[in-house]
Amino acid sequence: MHLTATPATNRVNGAELRFLREAVAATTTECRRAAIQAIVVYAHLHFNMDLTGEAAFLLAEMDADTSQPRLSALN
């Protein structure tokens with residue numbers, strides 16, 4: 001499954017975004033992108049929830065976080 005929605009057409013529900021964030025945080029996999037895709041599919045099949053907008057928002061947020069340099073106290 002590929003998330004190809006454009007930001008202009010996405011709708012983001014705060015409660016659904018929180019559901020997705022908590023579900024991703026509770027997974028044991030190392031790949032957050034795979035976890036997001038699996039949760040979006042599971043939510044659609046079992047709860048009839050459309051989390052594509054929330055997933056696109058979360059992925060864009062993740063990309064923005066990794067593109068900025070961070071200071072580390074471990075150096």
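Note that the structure is predicted; figures quoted are calculated from it, not measured. Heavy atoms only: backbone and side chains are in, while hydrogens, waters and symmetry mates are out.
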Give, for atom CD1 of Ile39 and atom NE2 of His44, the distance between the pair rounded to the nearest 0.5 Å. 15.5 Å
Just verifying a value: how many Å separate Phe19 CZ and Met49 CE, rounded to the nearest 0.5 Å? 5.0 Å
Report the residue from Leu51, Leu17, Leu58 that forms a side chain to side chain contact (heavy atoms under 4.5 Å, CB included) with Val12. Leu17
Ring pair (Phe, Tyr, Trp, His ring centres under 6.0 Å) involving Tyr42 - partner list, sequence neighbours excluded: His46, Phe47
Do any pairs count as a salt bridge (Lys or Arg N to Asp or Glu O under 4.0 Å) and have a residue in residues 14-27, sequence neighbours left out, and if so which ones? Arg11-Glu16, Arg21-Glu61
I need the minimum non-hydrogen distance between Ala55 and Ile36, along with the two atoms involved. CB-CG2, 3.7 Å
Among all residues two or more places apart in sequence or in another chain, which pass the side-chain hydrogen bond (donor to acceptor under 3.5 Å, both in side chains) test with Asn13? none
Name all residues meeting the side-chain contact (heavy atoms from CB on, under 4.5 Å) criterion together with Ala35; count only those two or more places apart in sequence or in a different chain, and write none if there are none. Thr27, Thr29
